[in-house]
Amino acid sequence: MAKEITPRSENYSQWYLDIVQKAHLADNSPVRGCMVIKPHGYAIWEKMRDALDAMFKETGHVNAYFPLFIPKSFLSKEAKHVDGFAQECAVVTHYRLKTIGEGENRQVVVDPEAKLEEELIVRPTSETIIWNTYRDWIQSYRDLPLLINQWANVVRWEMRTRPFLRTAEFLWQEGHTAHSTADEAMFETRQMLDVYAKFAEEFMAMPVIKGIKTENERFAGAEETFCIEAMMQDGKALQAGTSHFLGQNFAKAFDVLFLNKDNQKEHVWATSWGVSTRLVGGLIMTHSDDSGLVLPPRLAPIQVVIVPIPKPSLELSEVADKIALSLRKRGISVKIDNDDQNRPGFKFAEYEMIGVPVRLGLGARDIAANQVEVARRDTKEKQSVSLDGIDVHIEQLLEDIQQNLFNRAKQYRDEHITKVDNWDAFVEVLEVKGGFAYAHWDGTTETELAIKEKTKATIRCIPLDNDTEDGVCIMSGKPSTRRVLFAKAY
RNA sequence: CGGGGCGUAGCGCAGUCCGGUAGCGUACCUGCUUUGGGAGCAGGGGGUCCCAGGUUCGAAUCCUGGUGCCCCGACCA
């Protein structure tokens, strides 16, 4: 065994780091908290991006690009927004370097003569610069709705980072829309939440719970934050996407007004919504195992790999090419690994490590029997299948794998959502069983923070589909009308 | 920003206590034999031992001061 992964049961956190490295997803960078996204990791992100981008376009959005640098003064225009982000902003203060010294002592320093009059912040999110721009773009109700998305990088100077899950710089998309009525903005907020949920479940095969954030967990500057929450294999929660109803907060902060049909000036209503490269982390922690990455077929850069098992005097490539062609005709991405440097055993392990959903082993035995050995990554089952109609069989198998991954993840999640009605049971779920505790809460931030203090668990969301139900808060004993989801979170 | 750990070949590490020519595994290069689950043998290349200063005949090793990274916490997508 040339490559070994720490088993999940031994150290889940180390297992995650091993997968990132050994499946060639990302490297550490010289700068703390940043990562180099390697071609295989980036290919997965590209698949995500392409699918999401198509969904945004279908719902009427267009892409644009706003600048990386934001004048410092912009951030302070919306009071809550600045409170939320000020702590973690990178700031540009100078625009030039110069060299000093000679020979071995020569070094580069910041030129003190080149200090910026107004410092620039590197965007932690783009609401401020976008709303500053929208002020000029919007004059009449005829300019609305304005439905814009951007694909960009943002920087948040985090104390503690982990590849994909939390990095100082990350890639994401941020949608920013402007509407003439509150109802329309709220419809947009909910619509994009639905888009995220559909993407998570149908492409990532990652079941999610749609919900509303508590005031404490709300986006800085939003009136209401909606989210999709997923459960990782270790029972911890991952916020996978958020969609915010911003009310008129940013319109008021940046004086974005429009004339309505009655020739009256009104502030516009706003939304913003985003998902990031964090989704790659969620994908890893939803499906992968001790043999490596497991990818759902719809996001796999390579869906099928063909590994010829060479024997002297045996011509395999013709058969392999024929299989590949028939699969490609059905839109399936196929790689034939004809590299003669590595032996088949090495290749088997390697393709399992990087998560290729289906592997075809093709050797003398198979050719003689007009068969091919089909191995599926999700269950690691192997089966000999006739070459006649192999394309149809593989197409169906990919769909089965996609569905099986979702079902497996959903079953695990559902088994780890536990209704609890008293403090002891609450603590036991969080400490022993793991997963989400579905419990009554009195609705106050004070209680929420007290629970976090004692258990490290936070309210992940108030699920959208939950019914009202009389009960008492597990912490304060005060009356409650609904349950909320508690969990430890990434 | 607190607490802990670590900087030695691309990667993972030993050597440091007790100073004396820089080591192991893996990866890499060459050749031969191999190829249905991470090949074997033989040969080979590769190092400012994190940086600066000090002690010493002599420092990876001892002393002083820097610095970087990782892990654990508080903060967050």
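Any value given below was found using the heavy atoms of this structure, including those in side chains, with hydrogens, waters and symmetry copies removed. Residue numbering restarts at 1 for every chain, and letters A, B, ... go by the order of the sequence lines.
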Between B:rG37 atom P and A:E350 atom CD, what is the distance in whole Å? 17 Å
Describe, in one word, how the ring planes of A:F219 and A:H244 are oriented to each other, choosing from parallel (under 30°), tilted (30 to 60°) and perpendicular (over 60°). parallel
Any donor-acceptor N/O pair under 3.5 Å between B:rG37 base and A:K382 side chain: yes
Kindly give the atom pairs (protein nitrogen or oxygen, nucleotide nitrogen or oxygen) under 3.5 Å for nucleotides 39-41 of chain B.
{"from": "B:rA39", "atom 1": "OP2", "to": "A:R343", "atom 2": "NH1", "distance (Å)": "2.7"}
{"from": "B:rA39", "atom 1": "O4'", "to": "A:R343", "atom 2": "NH1", "distance (Å)": "2.9"}

Please classify the nucleic acid contact of A:F170 as base, sugar-phosphate, or nothing, using heavy-atom distances under 4.0 Å. base
When the C1' atoms of B:rC51 and B:rG25 are compared, how many Å lie between them, rounded to an integer? 28 Å
Using whole Å, what does the distance between atom P of nucleotide B:rG37 and atom CG of A:D337 come to? 16 Å
Among B:rA77, B:rG37, B:rG36, the nucleotide that comes nearest once only the side chain of A:A364 is considered: B:rG36
So, for A:H61 and A:W273, is the gap between ring centers shorter than 6.0 Å? yes
Counting only Watson-Crick or G-U wobble pairs whose two distances fall under 3.5 Å, which nucleotide matches B:rU35? none
For B:rC49, what is the paired nucleotide under Watson-Crick or G-U wobble rules, both distances under 3.5 Å? none
Heavy atoms only, 4.0 Å cut-off, all strands: where does A:Q239 land among base, sugar-phosphate and nothing? sugar-phosphate
Length of the line joining A:K488:NZ and B:rG73:C1', which is rounded to integer Å: 13 Å
Check every strand shown and say whether A:L165 touches a base, only sugar-phosphate, or nothing at a heavy-atom separation below 4.0 Å. base
Looking only at the side chain of A:K452 (C-beta and beyond, no hydrogens), which of the listed nucleotides B:rU35, B:rC75, B:rC71 gets closest? B:rC75
Nearest-neighbour nucleotide for the A:S276 side chain, B:rA77, B:rU35, B:rA74 considered: B:rA77
Any Lys/Arg nitrogen of A:D234 or A:R8 sitting under 4.0 Å from an Asp/Glu carboxylate oxygen of the other? no
Which residue lies toward the 5' end of RNA chain B, A:A489 or A:A375, if each is placed at its nearest nucleotide? A:A375
Expressed in whole Å, how much space separates the C1' atoms belonging to B:rA77 and B:rG5? 29 Å
Salt bridge or not between A:R377 and A:E352? Use side-chain N to carboxylate O under 4.0 Å. no
If pairing requires Watson-Crick or G-U wobble contacts with both distances under 3.5 Å, which nucleotide is the partner of B:rG2? B:rC72
Can you tell me how far P in B:rU30 sits from the matching atom in B:rG45, rounded to whole Å? 15 Å
Counting only distance, no hydrogens or angles, is the base of B:rG36 paired donor-acceptor with the side chain of A:D366 under 3.5 Å? yes
Does the pair A:D27/A:K38 count as a salt bridge with the N-to-O cut at 4.0 Å? yes
Interatomic spacing from CD in A:E46 to CG in A:D53 - rounded to 0.5 Å: 12.0 Å
Closest to side chain of A:L17, choosing from B:rC71, B:rG38, B:rG37: B:rC71
Using the C1' atom as the reference point in each nucleotide, state the distance between B:rU64 and B:rA42 in Å, no decimals. 50 Å
Expressed as a whole number of Å, how far does the P atom of B:rU8 sit from that of B:rC50? 6 Å
Looking at side-chain heavy atoms only, is the closest gap between A:Q233 and A:H416 below 4.5 Å? no
Name the residue closer to the 5' end of RNA chain B, choosing between A:G33 and A:G84 according to the nucleotide with the nearest heavy atom. A:G33
Between A:D83 (CG) and B:rC75 (P), how many Å, whole number? 16 Å
Which part of the nucleic acid, if any, lies within contact of A:T161, taking any heavy atom under 4.0 Å across all strands shown: a base, the sugar-phosphate backbone alone, or nothing? nothing
Whether A:D18 side chain and A:Q21 backbone form a donor-acceptor pair below 3.5 Å: no
C1' atom, B:rC11 versus B:rA27: distance in rounded Å? 7 Å
For B:rU56, the nucleotide meeting Watson-Crick or G-U wobble distances (both under 3.5 Å) is none
Could you tell me how far B:rA60 sits from B:rG7 if I compare only their P atoms? Round to whole Å. 16 Å
Sequence neighbours excluded, the answer for side chain to side chain donor-acceptor pair (under 3.5 Å) partners of A:S384 is none
Regarding A:R359, tell me which of base, sugar-phosphate or nothing describes its non-hydrogen contacts under 4.0 Å with the strands shown. base
Going by purine N1 to pyrimidine N3 plus the second Watson-Crick contact, or the G-U wobble pair, all under 3.5 Å, which nucleotide sits opposite B:rA27? none
Atom NZ of A:K322: over 12 foreign heavy atoms under 6.0 Å: no
Of the candidate nucleotides B:rG36, B:rA77, B:rG38, which contains the atom at the shortest distance from the side chain of A:I309? B:rG36
State which of B:rG37, B:rA77, B:rC71 makes the closest approach to the side chain of A:R278. B:rA77
